[in-house]
Amino acid sequence: MRLIEQAWYQNHPIRWLLLPLNVLFWALSALRRSLYRYHILKQPKLDVPVVIVGNIGVGGNGKTPLVVFLVEQLQQRGVKVGVISRGYGGEKRQTPLLVTDDVTAEQAGDEPVLIYQRTKAPVAISPDRIANVELLMQQGCNMIISDDGLQHYRLKRDVELVVVDGKRRFGNGWLLPAGPLREGVWRLNYVDQVIVNGGLANVDEMAMNLTADSVVNVKSGKRLPLAQFMTDVVANNPVNALAGIGDPERFFNTLRSLGFSLANHVGFVDHHKFNDNDFAQFSEKQALIMTEKDAVKCAHLVNDNSWYLPVDASFNEQKGSQLIELIMTRCKHYGL
């Protein structure tokens with residue numbers, strides 16, 4: 001674990017050295033919120049509903065599987081959904097890029113490419129989220145889901161959903177950089193729904209779990225049910241694993257819970273840019289399993305015995321339906 005994460009989640013004493021910067025971050029954040037609250041800074045008018053899927057902390061917590069779930073559920077209801085993203089990890093750009101089959105993770109970032117490949121929904125990326133929305137409106141989208149952007153107050157929003165890592169929660173509860181939070185826990189009192197990924201959800205929170213039932217070959221795209229993969233490919237041997245996400249240990253624990261025995265397992269920082277050296281440490285004789293987010297960047301680097309584990313956001317059936325109804329009800333005045 002990096003030193004900064006030890007400060008956030010294990011109360012390493014270095015957090016006290018960062019406290020003055022914490023106060024500065026709070027002051028600047030509070031000023032910016034106030035400028036939008038009192039309409040000194042304006043939100044551009046947009047003629048489509050916007051659903052924010054964000055968080056109050058940094059690091060991966062399950063936003064992308066939730067975005068995929070929402071897109072798929074709304075598509076089934078006939079909604080033409082588009083997704084906007086900053087495209088973190090991709091090329092820096094000023095004008096929006098529309099993700100297509102030919103756009104790579106190096107260009108757009110891993111998460112936008114994953115969302116597009118899963119859903120085929122229009123996905124636009126750039127730091128200018130307003131321009132992203134306008135581009136998707138031109139594509140005929142009548143609802144926008146923003147992957148992250150809770151703190152981007154220039155973007156108007158109709159629904160705010162916040163995802164919380166049920167294991168790490170809010171760390172030491174401090175703001176950046178002394179803690180992992182972009183905004184204080186108080187912010188959760190003003191969102192429409194708090195969704196807890198793994199762990200125990202409080203009474204006013206909604207529980208979400210990530211489930212998996214198959215693996216996919218990174219190079220060929222061949223999909224195998226987990227039971228068949230365990231029998232035909234793994235054959236009771238340990239597997240190698242890698243994860244370049246916010247909390248790699250979460251992925252490794254998921255593999256263990258599915259019955260895998262891990263040999264060499266290596267965690268990288270979130271949105272890591274992989275190269276040949278990263279894979280030299282893994283034996284080709286053992287299956288290598290990675291996250292879907294990593295796989296969209298690695299097809300040209302891995303051997304034929306490399307696989308990814310796609311996960312899906314899973315809710316109690318009633319709760320999942322309630323979430324979609326919340327969005328549809330809040331956005332019904334747009335004629336949906």
Side-chain angles (χ1 to χ4, degrees), residues 32-33 36-37 39 41-56 61-87 96-99 111-112 114-116 118-164 182-183 187-195 204-206 208 313 315 318-336:
R32 190 165 181 274
R33 281 194 302 270
Y36 280 102
R37 179 183 303 155
H39 307 294
L41 294 177
K42 305 294 184 182
Q43 290 180 329
K45 178 176 170 48
L46 298 170
D47 294 326
V48 290
V50 176
V51 179
I52 301 285
V53 177
N55 58 15
I56 62 170
N61 54 14
K63 292 193 306 299
T64 301
L66 177 59
V67 169
V68 171
F69 171 84
L70 295 177
V71 171
E72 291 175 340
Q73 293 295 314
L74 291 165
Q75 286 174 333
Q76 292 176 17
R77 291 176 175 242
V79 181
K80 180 69 181 292
V81 191
V83 178
I84 63 172
S85 170
R86 184 179 179 85
L97 172 69
L98 190 66
V99 179
E111 289 164 347
L114 187 162
I115 292 168
Y116 172 76
R118 274 286 200 108
T119 67
K120 295 304 179 182
V123 179
I125 63 159
S126 86
D128 187 344
R129 290 180 171 88
I130 306 302
N132 286 345
V133 174
E134 292 170 343
L135 175 59
L136 293 184
M137 290 171 63
Q138 294 171 14
Q139 306 301 310
C141 295
N142 54 10
M143 182 181 292
I144 306 298
I145 295 179
S146 178
D147 183 10
D148 212 357
L150 185 70
Q151 291 77 32
H152 190 79
Y153 288 106
R154 182 168 178 262
L155 178 65
K156 71 95 176 179
R157 64 280 313 268
D158 299 89
V159 180
E160 290 183 332
L161 307 177
V162 167
V163 185
V164 173
R182 302 169 180 174
E183 294 184 283
R187 181 68 171 82
L188 300 182
N189 296 323
Y190 298 91
V191 304
D192 296 285
Q193 184 63 63
V194 177
I195 299 167
D204 55 345
E205 299 172 338
M206 183 178 292
M208 178 183 85
F315 295 89
Q318 181 181 7
K319 295 294 185 181
S321 298
Q322 287 176 358
L323 192 58
I324 301 303
E325 288 301 326
L326 165 67
I327 293 172
M328 296 300 293
T329 300
R330 190 64 58 82
C331 301
K332 66 181 179 181
H333 62 282
Y334 289 92
L336 296 175

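For the single chain, residues carry numbers from 1 onward in sequence order.
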Any heavy-atom pair between the side chains of [Y] and [X] that's under 4.5 Å?
{"X": "Val159", "Y": "Ile52", "value": "no"}
{"X": "Leu66", "Y": "Met208", "value": "yes"}
{"X": "Val164", "Y": "Asn61", "value": "no"}
{"X": "Tyr334", "Y": "Asn142", "value": "no"}

**OP:** Show the numbers, then the answer: is there a side-chain contact (heavy atoms from CB on, under 4.5 Å) between Glu111 and Asp147?
**Re:** CA-CA 9 Å; Glu111 289 164 347; Asp147 183 10; 4.0 Å; yes

Once you round to the nearest 0.5 Å, how far does [atom1] of [X] lie from [atom2] of [Y]?
{"X": "Ile145", "Y": "Ser85", "atom1": "CD1", "atom2": "OG", "result": "12.5 Å"}
{"X": "Thr119", "Y": "Phe69", "atom1": "OG1", "atom2": "CZ", "result": "14.0 Å"}
{"X": "Arg154", "Y": "Arg32", "atom1": "CZ", "atom2": "CZ", "result": "9.5 Å"}
{"X": "Asn132", "Y": "Ser126", "atom1": "CG", "atom2": "OG", "result": "3.5 Å"}
{"X": "Leu74", "Y": "Ile327", "atom1": "CG", "atom2": "CD1", "result": "5.5 Å"}
{"X": "Ile56", "Y": "Arg182", "atom1": "CD1", "atom2": "CZ", "result": "10.0 Å"}

Determine, for [X] against [Y], whether the closest basic-nitrogen to carboxylate-oxygen distance falls under 4.0 angstrom.
{"X": "Glu183", "Y": "Arg33", "value": "yes"}
{"X": "Glu134", "Y": "Arg129", "value": "no"}
{"X": "Arg77", "Y": "Glu325", "value": "yes"}

Using only atom types and a distance under 3.5 Å, with no angle test, would you say the side chain of [X] pairs donor to acceptor with the backbone of [Y]?
{"X": "Asp158", "Y": "Cys331", "result": "no"}
{"X": "Arg330", "Y": "Met328", "result": "no"}
{"X": "Asn55", "Y": "Val162", "result": "no"}
{"X": "Lys80", "Y": "Gln139", "result": "yes"}
{"X": "Glu160", "Y": "Gln193", "result": "no"}
{"X": "Arg157", "Y": "Gly149", "result": "yes"}
{"X": "Asp192", "Y": "Leu161", "result": "no"}

Original post:
Yes or no on side-chain contact (heavy atoms from CB on, under 4.5 Å) for Phe315 and Ile195, after CA distance, side-chain angles and deciding distance?
Top reply: CA-CA 10 Å; Phe315 295 89; Ile195 299 167; 3.9 Å; yes

**OP:** Test Val133 against every option in Ile84, Asp128, Asp47 by the side chain to side chain contact (heavy atoms under 4.5 Å, CB included) rule and name the one that passes.
**Re:**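 Of all the options given, the one that passes is Ile84.
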
**OP:** Can you spot which of Leu98, Val99, Val83 makes a side chain to side chain contact (heavy atoms under 4.5 Å, CB included) with Tyr116?
**Re:**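 Going through Leu98, Val99, Val83 one by one, the side chain to side chain contact (heavy atoms under 4.5 Å, CB included) with Tyr116 is satisfied by Val99 alone.
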
Original post:
CZ of Arg86: more than 12 outside heavy atoms within 6.0 angstrom?
Top reply: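 No, because the 6.0 Å sphere around CZ of Arg86 holds 12 heavy atoms or fewer from other groups.
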
Original post:
Quick check: are there more than 12 heavy atoms from other residues, nucleotides or ligands sitting under 6.0 Å from NZ of Lys319?
Top reply: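 No - once you tally the heavy atoms of other residues, nucleotides and ligands closer than 6.0 Å, there are 12 at most.
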
**OP:** Please assess Gln43 against Leu155 for the test side-chain contact (heavy atoms from CB on, under 4.5 Å), listing each intermediate value before the final yes or no.
**Re:** CA-CA 6 Å; Gln43 290 180 329; Leu155 178 65; over 6 Å; no

